[in-house]
Amino acid sequence: QKEVEQDPGPLSVPEGAIVSLNCTYSNSAFQYFMWYRQYSRKGPELLMYTYSSGNKEDGRFTAQVDKSSKYISLFIRDSQPSDSATYLCAMKSGGSYIPTFGRGTSLIVHP
Amino acid sequence: DAGVIQSPRHEVTEMGQEVTLRCKPISGHNSLFWYRQTMMRGLELLIYFNNNVPIDDSGMPEDRFSAKMPNASFSTLKIQPSEPRDSAVYFCASSDFSQGLAGGSTAEQFFGPGTRLTVL
């Protein structure tokens, strides 16, 4: 079992839908939780990060962490075709500079 | 800043040939990472450097792979000899460990555009 599990998809939704992307993990030492967005033929770029448990909102994006369940989520409201990309979760412990990445979920938002 | 620069963007080579991938990190960043991305395995860390010194190369698949960072503005990843199973997208990323995402030990990694390697 990998430390971080993420369904690769693809996830196809109509424009305007609410999207839920998720990761589970096994390492209870993880404290920093990140979401990277990767457009086709580009490198990943940091979208959001959260420290420990709780929610964080940034515009149409909400990151949620449930450490008791070892489960993190990224919600996208009013999804747009421009949100079509691969979303990678990443997480790390406080004592490490190196994140562990999920495989990424491919999201397709069709007009 | 131009961001992380990688070259070449695409490389097609034949099995057995030597391949050299190049990376210029963001100026001022003190850490550099080499990753490999495939559909099957996702993003895998190969090696990372801190202040030009290799810190962890446990992700390097085998002796055919080697990486160097002769100075703060340049790094190479070499595969010799290359094999078809090395076909993947190779990313370089840089980071500044003195700048924390949350004032602690986190630091955002900035990725380059990647080199798409095909070994025939």
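By convention in this document, chain letters (A, B, ...) are assigned in the order of the sequence lines, proteins followed by strands, and residues within each chain are numbered from 1.
- Between the NZ atom in K42(A) and the CZ atom in F111(B) there is a gap of 15.5 Å [rounded to 0.5 Å].
- Under the 4.5 Å side-chain contact rule for hydrophobic residues, I5(B) and F74(B) do not share a cluster.
- Atom CD1 of residue I98(A) and atom CD1 of residue I55(B) lie 9.5 Å apart, to the nearest 0.5 angstrom.
- The number of heavy-atom neighbours closer than 6.0 Å to NZ of K56(A), taken from other residues, nucleotides and ligands shown, is above 12.
- Looking at Q31(A), neither its backbone nor its side chain comes within 4.5 Å of chain B, counting heavy atoms on both sides.
- V89(B) is not connected to W34(B) by any chain of hydrophobic side-chain contacts under 4.5 Å among Ile, Leu, Val, Met, Phe, Trp and Tyr, and they are in different clusters.
- In this structure, the portion of R116(B) lying under 4.5 Å from any heavy atom of chain A is its side chain and not its backbone.
- Atom CG of N71(B) has more than 12 heavy atoms from other residues, nucleotides or ligands within 6.0 Å.
- Contact of Q6(B) with chain A is not made at all, since no heavy-atom distance falls under 4.5 Å.
- For E14(B), the CD atom is loosely surrounded, since the number of other residues' heavy atoms within 6.0 Å does not exceed 12.
- Closest approach of Q38(A) and F91(B) over heavy atoms only: NE2-CZ, 3.3 Å.
- For chain A, the nearby part of Y35(B) is the side chain; its heavy atoms alone come within less than 4.5 Å.
- No chain of hydrophobic side-chain contacts below 4.5 Å, direct or via other Ile, Leu, Val, Met, Phe, Trp or Tyr residues, connects F110(B) to L21(B).
- Under the 4.5 Å side-chain heavy-atom criterion for Ile, Leu, Val, Met, Phe, Trp and Tyr, L107(A) and I72(A) are members of the same hydrophobic cluster.
- If you take CD on E45(A) and CD on Q109(B), they are separated by 14.0 Å, rounding to the nearest 0.5 Å.
- Taking chain B as the reference chain and counting heavy-atom pairs below 4.5 Å, the highest number among G104(A), P99(A), A90(A) is found for P99(A).
- Chain A forms the most heavy-atom pairs under 4.5 Å with one residue out of R9(B), Q37(B), R41(B), and that residue is Q37(B).
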